[in-house]
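One structure below.
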Amino acid sequence: MRFLPDAEQRAFAASLDALLTAAGTPAVVREWSRGDHASGRQLWSRVAEAGVFALAVPEEYEGLGPRPVELAVAFVELGRHAVPGPLVETITAAVLLTGAGPVIAKRLLPSLASGGTMATVAPEGAFALDGDAAGLRLSWAPDGIRLSPGHGPVRPSLDPARRLTPLSPGGEVVGTATEQALVWARLATAAQALGVGLALLDRTVAYVKQRSQFGVPVGSFQAVRHRLADAKIALEFARPLVFGAALTLRPADVAAAKVAACEAAYGTARSALQLHGAIGYTAECDLSLWLTKARALRTAWGAPQECRALVVSAAGDRRW
(Lines give C-alpha, C1' and ligand atoms only; values in the text may rest on other atoms or scores of the structure.)
Protein backbone atom coordinates (compact mmCIF):
# COMPACT_ATOMS: atom_id res chain seq x y z
CA MET A 1 0.00 0.00 0.00
CA ARG A 2 1.28 3.47 -0.89
CA PHE A 3 0.28 6.26 1.47
CA LEU A 4 0.34 9.13 -1.01
CA PRO A 5 -1.93 12.19 -1.05
CA ASP A 6 -4.36 12.39 -3.93
CA ALA A 7 -4.45 15.29 -6.39
CA GLU A 8 -6.91 17.32 -4.28
CA GLN A 9 -4.82 16.88 -1.13
CA ARG A 10 -1.63 17.85 -2.98
CA ALA A 11 -3.35 20.97 -4.29
CA PHE A 12 -4.51 21.81 -0.77
CA ALA A 13 -0.96 21.48 0.58
CA ALA A 14 0.42 23.58 -2.27
CA SER A 15 -2.13 26.34 -1.67
CA LEU A 16 -1.27 26.44 2.04
CA ASP A 17 2.44 26.49 1.23
CA ALA A 18 1.95 29.44 -1.12
CA LEU A 19 -0.21 31.30 1.40
CA LEU A 20 2.26 30.83 4.25
CA THR A 21 5.31 31.60 2.13
CA ALA A 22 3.76 34.91 1.10
CA ALA A 23 2.87 35.69 4.73
CA GLY A 24 6.51 35.81 5.88
CA THR A 25 5.92 33.68 8.96
CA PRO A 26 9.33 34.23 10.66
CA ALA A 27 8.42 37.89 11.29
CA VAL A 28 4.95 36.85 12.49
CA VAL A 29 6.48 34.32 14.90
CA ARG A 30 8.82 36.91 16.40
CA GLU A 31 5.99 39.39 16.93
CA TRP A 32 3.86 36.67 18.52
CA SER A 33 6.73 35.79 20.86
CA ARG A 34 6.77 39.40 22.08
CA GLY A 35 3.04 39.31 22.80
CA ASP A 36 2.07 41.30 19.69
CA HIS A 37 -0.76 39.20 18.23
CA ALA A 38 -1.93 41.49 15.42
CA SER A 39 -0.09 39.86 12.52
CA GLY A 40 -0.64 36.41 14.02
CA ARG A 41 -4.38 36.94 14.12
CA GLN A 42 -4.38 38.08 10.50
CA LEU A 43 -2.49 34.94 9.52
CA TRP A 44 -4.87 32.84 11.64
CA SER A 45 -7.83 34.25 9.71
CA ARG A 46 -6.22 33.39 6.39
CA VAL A 47 -5.48 29.84 7.55
CA ALA A 48 -9.10 29.54 8.68
CA GLU A 49 -10.34 30.84 5.32
CA ALA A 50 -8.37 27.99 3.71
CA GLY A 51 -10.57 25.62 5.73
CA VAL A 52 -7.98 24.21 8.13
CA PHE A 53 -9.93 24.49 11.39
CA ALA A 54 -13.19 23.50 9.73
CA LEU A 55 -11.65 20.08 9.00
CA ALA A 56 -12.24 19.08 12.63
CA VAL A 57 -15.77 20.49 12.80
CA PRO A 58 -18.75 18.47 11.49
CA GLU A 59 -20.76 19.90 8.62
CA GLU A 60 -23.86 20.43 10.78
CA TYR A 61 -21.87 22.98 12.77
CA GLU A 62 -20.58 24.88 9.71
CA GLY A 63 -17.46 22.79 9.31
CA LEU A 64 -16.04 20.50 6.63
CA GLY A 65 -15.26 17.45 8.71
CA PRO A 66 -14.31 15.38 10.35
CA ARG A 67 -11.50 14.91 7.83
CA PRO A 68 -8.38 13.73 9.71
CA VAL A 69 -6.26 12.96 6.63
CA GLU A 70 -6.70 16.46 5.22
CA LEU A 71 -6.04 17.84 8.70
CA ALA A 72 -2.71 15.98 8.78
CA VAL A 73 -1.85 17.39 5.34
CA ALA A 74 -2.58 20.90 6.61
CA PHE A 75 -0.63 20.55 9.86
CA VAL A 76 2.47 19.38 8.01
CA GLU A 77 2.43 22.71 6.18
CA LEU A 78 1.70 24.67 9.36
CA GLY A 79 4.72 23.02 10.98
CA ARG A 80 6.87 23.54 7.90
CA HIS A 81 6.22 27.30 8.17
CA ALA A 82 6.36 27.48 12.01
CA VAL A 83 2.91 29.10 12.23
CA PRO A 84 2.36 30.35 15.82
CA GLY A 85 -0.74 30.07 17.95
CA PRO A 86 -2.80 27.35 19.65
CA LEU A 87 -3.27 25.34 16.47
CA VAL A 88 -3.45 21.86 17.99
CA GLU A 89 -5.46 23.14 20.92
CA THR A 90 -8.13 24.68 18.68
CA ILE A 91 -8.54 21.35 16.88
CA THR A 92 -8.72 19.56 20.24
CA ALA A 93 -11.34 21.98 21.48
CA ALA A 94 -13.40 21.38 18.35
CA VAL A 95 -13.40 17.61 18.97
CA LEU A 96 -14.28 18.07 22.65
CA LEU A 97 -17.14 20.44 21.89
CA THR A 98 -18.49 18.18 19.14
CA GLY A 99 -19.07 15.55 21.82
CA ALA A 100 -20.61 18.05 24.24
CA GLY A 101 -24.05 17.91 22.64
CA PRO A 102 -25.85 19.95 19.98
CA VAL A 103 -26.64 22.97 22.17
CA ILE A 104 -23.02 23.64 23.17
CA ALA A 105 -21.74 22.63 19.73
CA LYS A 106 -24.03 25.03 17.85
CA ARG A 107 -23.06 27.80 20.23
CA LEU A 108 -19.27 27.45 20.05
CA LEU A 109 -18.15 25.43 17.04
CA PRO A 110 -19.04 27.74 14.12
CA SER A 111 -16.68 30.42 15.42
CA LEU A 112 -13.85 27.90 15.74
CA ALA A 113 -14.41 26.65 12.20
CA SER A 114 -14.42 30.16 10.74
CA GLY A 115 -11.33 31.29 12.65
CA GLY A 116 -13.26 33.91 14.59
CA THR A 117 -12.16 32.31 17.84
CA MET A 118 -8.89 30.76 18.95
CA ALA A 119 -9.16 28.07 21.59
CA THR A 120 -6.76 26.60 24.09
CA VAL A 121 -7.11 23.44 26.17
CA ALA A 122 -5.14 22.30 29.18
CA PRO A 123 -5.55 19.80 32.03
CA GLU A 124 -6.68 21.41 35.27
CA GLY A 125 -3.67 22.88 37.06
CA ALA A 126 -1.42 22.78 33.98
CA PHE A 127 -0.30 25.67 31.83
CA ALA A 128 -2.32 26.40 28.70
CA LEU A 129 -0.77 27.42 25.42
CA ASP A 130 -1.48 31.01 24.38
CA GLY A 131 -4.17 31.57 26.96
CA ASP A 132 -3.65 35.32 26.55
CA ALA A 133 -4.58 35.16 22.86
CA ALA A 134 -7.34 32.55 22.97
CA GLY A 135 -10.94 33.66 23.16
CA LEU A 136 -12.08 30.22 24.33
CA ARG A 137 -10.22 28.51 27.18
CA LEU A 138 -11.11 24.96 28.15
CA SER A 139 -9.93 23.44 31.42
CA TRP A 140 -9.73 19.62 31.33
CA ALA A 141 -10.94 18.72 34.83
CA PRO A 142 -11.95 15.36 36.39
CA ASP A 143 -15.56 16.50 36.64
CA GLY A 144 -15.67 17.60 33.00
CA ILE A 145 -14.52 20.21 30.54
CA ARG A 146 -15.03 23.75 31.84
CA LEU A 147 -15.03 27.13 30.13
CA SER A 148 -12.32 28.91 32.09
CA PRO A 149 -13.26 32.50 32.87
CA GLY A 150 -9.73 33.86 32.45
CA HIS A 151 -6.01 33.26 32.73
CA GLY A 152 -3.01 34.14 34.83
CA PRO A 153 0.28 35.81 33.84
CA VAL A 154 2.25 34.62 30.84
CA ARG A 155 5.13 32.31 31.73
CA PRO A 156 8.33 31.83 29.68
CA SER A 157 8.65 28.72 27.56
CA LEU A 158 11.45 26.85 25.83
CA ASP A 159 9.84 27.98 22.58
CA PRO A 160 9.23 31.75 22.91
CA ALA A 161 6.33 31.49 20.46
CA ARG A 162 4.56 29.03 22.79
CA ARG A 163 3.34 31.43 25.49
CA LEU A 164 2.11 29.56 28.57
CA THR A 165 -0.54 30.76 31.01
CA PRO A 166 -2.39 29.18 33.95
CA LEU A 167 -6.15 29.07 33.48
CA SER A 168 -8.50 30.52 36.07
CA PRO A 169 -10.48 27.88 38.00
CA GLY A 170 -14.21 27.43 37.79
CA GLY A 171 -16.43 28.17 34.86
CA GLU A 172 -19.31 26.50 33.06
CA VAL A 173 -19.12 22.73 32.50
CA VAL A 174 -19.62 22.12 28.77
CA GLY A 175 -18.79 18.43 28.39
CA THR A 176 -16.62 15.53 29.44
CA ALA A 177 -13.12 14.53 28.43
CA THR A 178 -12.91 11.99 25.60
CA GLU A 179 -10.12 9.75 24.36
CA GLN A 180 -10.96 10.84 20.80
CA ALA A 181 -9.95 14.42 21.59
CA LEU A 182 -6.54 13.24 22.80
CA VAL A 183 -6.16 11.16 19.63
CA TRP A 184 -6.79 14.19 17.42
CA ALA A 185 -4.42 16.31 19.52
CA ARG A 186 -1.64 13.78 19.10
CA LEU A 187 -2.32 13.37 15.38
CA ALA A 188 -2.14 17.12 14.77
CA THR A 189 1.02 17.37 16.89
CA ALA A 190 2.66 14.52 14.95
CA ALA A 191 1.86 16.15 11.60
CA GLN A 192 3.07 19.54 12.82
CA ALA A 193 6.32 17.98 14.07
CA LEU A 194 6.83 16.25 10.72
CA GLY A 195 6.53 19.63 8.99
CA VAL A 196 9.00 21.18 11.45
CA GLY A 197 11.50 18.41 10.75
CA LEU A 198 11.13 18.78 6.99
CA ALA A 199 11.73 22.54 7.25
CA LEU A 200 14.83 22.00 9.38
CA LEU A 201 16.20 19.49 6.88
CA ASP A 202 15.54 21.76 3.88
CA ARG A 203 17.19 24.73 5.57
CA THR A 204 20.20 22.70 6.64
CA VAL A 205 20.75 21.16 3.22
CA ALA A 206 20.67 24.66 1.68
CA TYR A 207 23.08 25.97 4.32
CA VAL A 208 25.75 23.26 4.00
CA LYS A 209 25.86 23.92 0.26
CA GLN A 210 26.86 27.54 1.03
CA ARG A 211 29.07 27.16 4.10
CA SER A 212 32.68 26.34 3.18
CA GLN A 213 35.65 24.88 5.01
CA PHE A 214 39.06 24.17 3.51
CA GLY A 215 37.86 25.78 0.31
CA VAL A 216 34.93 23.43 -0.32
CA PRO A 217 31.26 23.34 0.77
CA VAL A 218 30.81 21.43 4.03
CA GLY A 219 27.97 19.55 2.36
CA SER A 220 30.58 17.65 0.35
CA PHE A 221 31.96 16.02 3.53
CA GLN A 222 30.90 12.42 4.01
CA ALA A 223 30.14 12.87 7.73
CA VAL A 224 27.77 15.75 6.94
CA ARG A 225 26.03 13.73 4.25
CA HIS A 226 25.55 10.84 6.67
CA ARG A 227 23.89 13.10 9.26
CA LEU A 228 21.53 14.53 6.69
CA ALA A 229 20.76 11.11 5.24
CA ASP A 230 19.88 9.78 8.70
CA ALA A 231 17.56 12.74 9.25
CA LYS A 232 15.91 12.24 5.87
CA ILE A 233 15.33 8.54 6.49
CA ALA A 234 13.80 9.17 9.93
CA LEU A 235 11.39 11.78 8.54
CA GLU A 236 10.40 9.62 5.58
CA PHE A 237 9.72 6.66 7.88
CA ALA A 238 7.54 8.89 10.05
CA ARG A 239 5.49 10.24 7.15
CA PRO A 240 3.48 7.05 6.36
CA LEU A 241 2.91 6.46 10.06
CA VAL A 242 1.31 9.90 10.37
CA PHE A 243 -0.99 9.46 7.38
CA GLY A 244 -1.71 5.84 8.24
CA ALA A 245 -2.76 6.93 11.73
CA ALA A 246 -4.98 9.61 10.20
CA LEU A 247 -6.79 6.85 8.30
CA THR A 248 -7.36 4.56 11.29
CA LEU A 249 -7.48 7.04 14.22
CA ARG A 250 -6.63 4.15 16.51
CA PRO A 251 -5.01 5.48 19.68
CA ALA A 252 -1.97 3.20 19.42
CA ASP A 253 -1.43 4.06 15.75
CA VAL A 254 -1.57 7.77 16.51
CA ALA A 255 0.77 7.34 19.49
CA ALA A 256 3.27 5.49 17.27
CA ALA A 257 3.04 8.26 14.67
CA LYS A 258 3.62 10.92 17.31
CA VAL A 259 6.71 9.18 18.65
CA ALA A 260 8.15 8.64 15.17
CA ALA A 261 7.46 12.16 13.90
CA CYS A 262 8.51 14.01 17.04
CA GLU A 263 11.69 11.98 17.51
CA ALA A 264 12.56 12.44 13.83
CA ALA A 265 12.03 16.20 14.10
CA TYR A 266 14.03 16.39 17.32
CA GLY A 267 16.88 14.38 15.80
CA THR A 268 16.85 16.60 12.72
CA ALA A 269 16.95 19.67 14.97
CA ARG A 270 20.07 18.39 16.72
CA SER A 271 21.78 17.73 13.39
CA ALA A 272 20.69 21.10 12.02
CA LEU A 273 22.13 22.89 15.04
CA GLN A 274 25.47 21.11 14.75
CA LEU A 275 25.80 21.62 11.00
CA HIS A 276 24.94 25.31 11.19
CA GLY A 277 27.74 25.87 13.68
CA ALA A 278 27.77 28.90 15.97
CA ILE A 279 25.15 30.84 14.02
CA GLY A 280 22.61 28.11 14.79
CA TYR A 281 22.74 29.05 18.48
CA THR A 282 21.63 32.63 17.88
CA ALA A 283 18.04 33.80 18.24
CA GLU A 284 18.57 36.11 15.25
CA CYS A 285 18.93 33.09 12.96
CA ASP A 286 15.54 31.93 11.64
CA LEU A 287 16.59 28.34 12.30
CA SER A 288 15.88 28.91 16.00
CA LEU A 289 12.16 29.26 15.27
CA TRP A 290 12.03 25.61 14.25
CA LEU A 291 14.67 24.29 16.66
CA THR A 292 12.73 25.31 19.76
CA LYS A 293 9.44 24.12 18.32
CA ALA A 294 10.84 20.64 17.60
CA ARG A 295 11.85 20.31 21.24
CA ALA A 296 8.53 21.61 22.57
CA LEU A 297 6.37 19.38 20.35
CA ARG A 298 8.30 16.30 21.49
CA THR A 299 6.52 16.31 24.84
CA ALA A 300 3.29 18.11 23.91
CA TRP A 301 0.16 15.96 24.34
CA GLY A 302 2.10 12.95 25.54
CA ALA A 303 5.81 12.42 26.21
CA PRO A 304 7.67 9.76 24.15
CA GLN A 305 7.65 7.23 26.99
CA GLU A 306 3.89 7.62 27.47
CA CYS A 307 3.16 7.09 23.78
CA ARG A 308 5.55 4.14 23.56
CA ALA A 309 3.83 2.51 26.54
CA LEU A 310 0.49 2.82 24.76
CA VAL A 311 1.90 1.21 21.61
CA VAL A 312 3.43 -1.67 23.57
CA SER A 313 0.22 -2.20 25.53
CA ALA A 314 -1.88 -2.31 22.35
CA ALA A 315 0.56 -4.72 20.71
CA GLY A 316 0.30 -7.01 23.73
CA ASP A 317 -3.49 -6.94 23.62
CA ARG A 318 -3.53 -7.91 19.94
CA ARG A 319 -1.05 -10.72 20.49
CA TRP A 320 -3.33 -12.35 23.01
Non-hydrogen side-chain atoms of [X] and [Y] separated by less than 4.5 Å:
X	Y	value
K106	Y61	yes
D286	R30	yes
P68	L187	yes
T120	T165	no
Q180	L249	yes

Partners passing side-chain contact (heavy atoms from CB on, under 4.5 Å) against S111 (at least two apart in sequence or in another chain) = T117

Tabulate below the donor-acceptor pairs under 3.5 Å that side-chain atoms of residues 145-164 make, not counting sequence neighbours, or state none.
residue: R146; atom: NE; partner: D143; partner atom: OD2; Å: 3.4
residue: R146; atom: NH1; partner: G171; partner atom: O; Å: 2.6
residue: R146; atom: NH2; partner: D143; partner atom: OD2; Å: 2.7
residue: S148; atom: OG; partner: G150; partner atom: O; Å: 3.0
residue: S148; atom: OG; partner: S168; partner atom: N; Å: 3.2
residue: S148; atom: OG; partner: S168; partner atom: O; Å: 2.7
residue: S157; atom: OG; partner: D159; partner atom: N; Å: 3.3
residue: S157; atom: OG; partner: D159; partner atom: O; Å: 3.3
residue: S157; atom: OG; partner: R162; partner atom: O; Å: 3.2
residue: D159; atom: OD1; partner: A161; partner atom: N; Å: 3.1
residue: D159; atom: OD1; partner: T292; partner atom: OG1; Å: 3.3
residue: D159; atom: OD2; partner: K293; partner atom: NZ; Å: 3.1
residue: R163; atom: NE; partner: D132; partner atom: OD2; Å: 3.2
residue: R163; atom: NH1; partner: S33; partner atom: O; Å: 3.2
residue: R163; atom: NH2; partner: D132; partner atom: OD2; Å: 3.0

task = Please say which of L97, T90, V174 ends up in a side chain to side chain contact (heavy atoms under 4.5 Å, CB included) with L136.
result = L97

If I take atom [atom1] from residue [X] and atom [atom2] from residue [Y], how far apart are they, to the nearest 0.5 angstrom?
X	Y	atom1	atom2	value
F53	L55	CZ	CG	10.0 Å
L64	L71	CG	CG	11.0 Å
E172	I104	CD	CD1	5.0 Å
R10	D17	CZ	CG	14.5 Å
Q192	L87	CD	CG	5.5 Å
L78	T25	CG	OG1	10.0 Å

Which heavy atom of [X] sits nearest to which heavy atom of [Y], and what is that distance?
X	Y	answer
W32	G85	CZ2-CA, 3.7 Å
T282	S288	O-CB, 3.8 Å
G277	R211	N-NH1, 3.6 Å
V57	A94	CG2-CB, 3.9 Å
S114	A48	O-CB, 3.3 Å
G280	L287	CA-CD2, 4.2 Å

Report whether [X] and [Y] are members of the same hydrophobic cluster (ILVMFWY, side-chain heavy atoms less than 4.5 Å apart, transitive linking).
X	Y	result
V47	L289	no
L200	L20	no
I233	L228	no
F75	V83	yes
L297	V29	yes

ask   = Using 30° and 60° as the class limits, which term best fits the ring planes of Y207 and H276: parallel, tilted or perpendicular?
value =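 Parallel, since the angle between the ring planes stays under 30°.
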
query = Who else is in the cluster with L310 when I, L, V, M, F, W and Y are joined by side-chain contacts under 4.5 Å?
reply = none

ask   = Does the side chain to side chain contact (heavy atoms under 4.5 Å, CB included) test come out yes or no for Q9 and V69, once each step is laid out?
value = CA-CA 9 Å; Q9 291 163 347; V69 176; 3.5 Å; yes

query = More than 12 foreign heavy atoms under 6.0 Å from CZ of R270: is that the case here?
reply =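 It does not: R270 CZ has 12 such atoms or fewer within range.
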
key: Pair E77 + R80, salt bridge at N-O below 4.0 Å   = yes

ask   = Yes or no on side chain to side chain contact (heavy atoms under 4.5 Å, CB included) for L112 and L109, after CA distance, side-chain angles and deciding distance?
value = CA-CA 5 Å; L112 291 185; L109 283 180; 4.1 Å; yes

task = Take F243 and V73 through the test side chain to side chain contact (heavy atoms under 4.5 Å, CB included) and record every step on the way to the result.
result = CA-CA 8 Å; F243 289 105; V73 170; 3.6 Å; yes

Heavy-atom donor-acceptor pair, K258 side chain to A300 backbone, under 3.5 Å = yes

task = Return yes if some donor-acceptor pair links the side-chain N/O of R295 with the main-chain N/O of A269 below 3.5 Å, else return no.
result = no

task = List the steps, then state whether side chain to side chain contact (heavy atoms under 4.5 Å, CB included) holds for L198 with T268.
result = CA-CA 8 Å; L198 292 171; T268 302; over 6 Å; no

request  = Step by step, work out the salt bridge (Lys or Arg N to Asp or Glu O under 4.0 Å) result for R239 and E236.
outcome  = CA-CA 5 Å; R239 190 195 301 267; E236 290 304 321; 2.8 Å; yes

Residues W301 and E89: side-chain donor-acceptor under 3.5 angstrom = yes

